[in-house]
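First the structure, in the form of structure tokens, and then the observations on it.
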Amino acid sequence: MEFTLKDGTTSFKFPVKPEELTISRSKGYETINMLEYGEFDFAQGEKVKEITFSSFFPKEYDASYCMYEPVPDPRVAMNILNTFLVSKKPLRFIISNTGVNVPVYLISHNTTFRGGESGDIYFDITLRTWRDSKVEKVGAATSGSKSGSRTDLKKSSKTYTVKSGDSLSKIAKLELGSSSKWNEIYKLNAKTIGSDPNQIKPGQKLVMP
């Protein structure tokens, strides 16, 4: 599964797959107060969808979580996002092997530099779907996408649920900021994982340092 933003002939593929992607949907309405009967709500149609996710640009390639190599320099990658941010034309957001292929605007991205990191750049992105009749048809395919409260990768969680394709080094990189801290996770969860730290299974709940 690859996450890509396209601006005409410029195509940018995110090097690290986000842990979660949130699609927010809501309906507009108008409230009218009738003196004798109280308030009444009148629907005005669906509002523009917002798509949010968090990830990071790694300075060095790591096969446990990088989608391809060579990975782009984090500063170059952020400059590409800045170009998309100021663009007045809609972009196209694509998630391979899914039905997500929608026109969007990149309306915000927040950058975080962590002390002790070797040049990695973390970011949060918010996209808004472009108002076009095609959005409804393509967006309908995203109904199976996970929705609800957004999880901020910068926040440390007490537990972590293993997902398909995870490894301890990948989890350590995303949750603790360094893949070398995988052993700290393993020490706390040796009974759950077993004797082989490479044999974690989807659905296991791991206690985080």
Side-chain angles (χ1 to χ4, degrees), residues 1-7 10-27 46-58 62 64-68 71-72 74 77-78 80-85 87 90-112 114 120-132 134-157 159-167 170-177 202-206 208:
M1 184 182 296
E2 299 175 347
F3 290 68
T4 305
L5 275 176
K6 286 188 175 182
D7 181 11
T10 302
S11 179
F12 179 74
K13 183 166 61 176
F14 292 90
V16 179
K17 182 173 64 176
E19 288 296 303
E20 290 190 354
L21 178 144
T22 299
I23 300 177
S24 300
R25 303 176 179 86
S26 61
K27 179 185 291 186
E46 184 181 18
K47 292 184 177 180
V48 172
K49 299 180 182 69
E50 283 196 354
I51 302 171
T52 57
F53 61 90
S54 303
S55 189
F56 69 99
F57 295 126
D62 188 318
S64 67
Y65 50 79
C66 292
M67 303 291 292
Y68 60 87
V71 293
M78 291 308 302
I80 293 175
L81 292 187
N82 285 333
T83 300
F84 288 164
L85 182 66
S87 175
L91 311 167
R92 185 156 289 276
F93 180 56
I94 302 169
I95 304 178
S96 63
N97 301 320
T98 72
V100 179
N101 187 331
V102 293
V104 298
Y105 282 113
L106 172 57
I107 63 168
S108 72
H109 73 87
N110 301 315
T111 304
T112 302
R114 297 183 178 178
D120 296 347
I121 298 179
Y122 292 76
F123 64 86
D124 304 311
I125 275 185
T126 300
L127 308 171
R128 282 173 65 87
T129 52
W130 181 47
R131 273 296 186 188
D132 185 31
K134 294 181 181 179
V135 172
E136 295 300 324
K137 295 180 181 179
V138 178
T142 66
S143 59
S145 298
K146 198 169 184 179
S147 62
S149 299
R150 179 183 176 187
T151 300
D152 188 346
L153 294 182
K154 297 192 291 294
K155 295 181 180 179
S156 298
S157 301
T159 61
Y160 178 89
T161 302
V162 177
K163 302 177 180 62
S164 178
D166 275 347
S167 66
K170 177 181 177 181
I171 295 170
K173 181 67 177 178
L174 292 174
E175 298 297 320
L176 305 179
Q204 288 181 326
K205 289 188 178 295
L206 305 181
M208 304 303 295

If you apply the rule side-chain contact (heavy atoms from CB on, under 4.5 Å), what do you find for D62 with K173, and how did you get there? CA-CA 10 Å; D62 188 318; K173 181 67 177 178; over 6 Å; no
Looking only at the aromatic ring of each residue, does the gap between the centers of F14 and F53 stay below 6.0 angstrom? yes
side-chain contact (heavy atoms from CB on, under 4.5 Å) between K170 and V16: does it pass, once the steps are laid out? CA-CA 10 Å; K170 177 181 177 181; V16 179; 5.7 Å; no
Would you mind reporting whether I95 and L21 have side-chain heavy atoms less than 4.5 Å apart? yes
Answer yes or no: is there a side-chain heavy-atom contact under 4.5 Å between T4 and S11? yes
So which atom in M208 and which in T159 form the shortest heavy-atom distance, rounded to 0.1 Å? CG-C, 4.0 Å
Could you measure the distance from the CG atom of N110 to the CZ atom of F123? Nearest 0.5 Å is fine. 11.0 Å
Measuring from atom CG of D120 to atom OG1 of T112, what distance do you get when rounded to the nearest 0.5 angstrom? 12.0 Å
Report yes if some heavy atom in the side chain of N82 is under 4.5 Å from a heavy atom in the side chain of H109; otherwise report no. yes
Distance col, row F93:CZ vs N101:CG, nearest 0.5 angstrom, shows 10.0 Å
Would you check if V104 and L5 make a side-chain contact, meaning some heavy-atom pair closer than 4.5 Å? yes
In short, Y122 meets G177 closest at the heavy-atom pair OH-CA, 3.6 Å
Does the ring centre of Y65 sit less than 6.0 Å away from the ring centre of F56? yes
Closest approach of V71 and C66, non-hydrogen atoms and distance? CG1-SG, 3.9 Å
dist R92:CZ -> D7:CG (nearest 0.5 Å) comes out at 12.0 Å
Is any side-chain heavy atom of T10 closer than 4.5 Å to a side-chain heavy atom of F12? no
Do the non-hydrogen side-chain atoms of I125 and L106 ever get within less than 4.5 Å of each other? yes
Exercise: identify the closest heavy-atom pair between F57 and P74: O-CG, 3.6 Å
I'd like to know if the side chain of T126 and the backbone of S108 have a donor-acceptor N/O pair within less than 3.5 Å. no
Distance in Å, K6 NZ paired with F84 CZ, rounded so as to fall on 0.5 Å steps: 11.0 Å
Please examine the side chains of L174 and E19, heavy atoms only from C-beta on, and report whether any two atoms are closer than 4.5 Å. yes
Taking every heavy atom of D166 against every heavy atom of T161, the minimum-distance pair comes out as OD2-O, 4.4 Å
Quick check: do P15 and M67 have side-chain heavy atoms less than 4.5 Å from each other? no
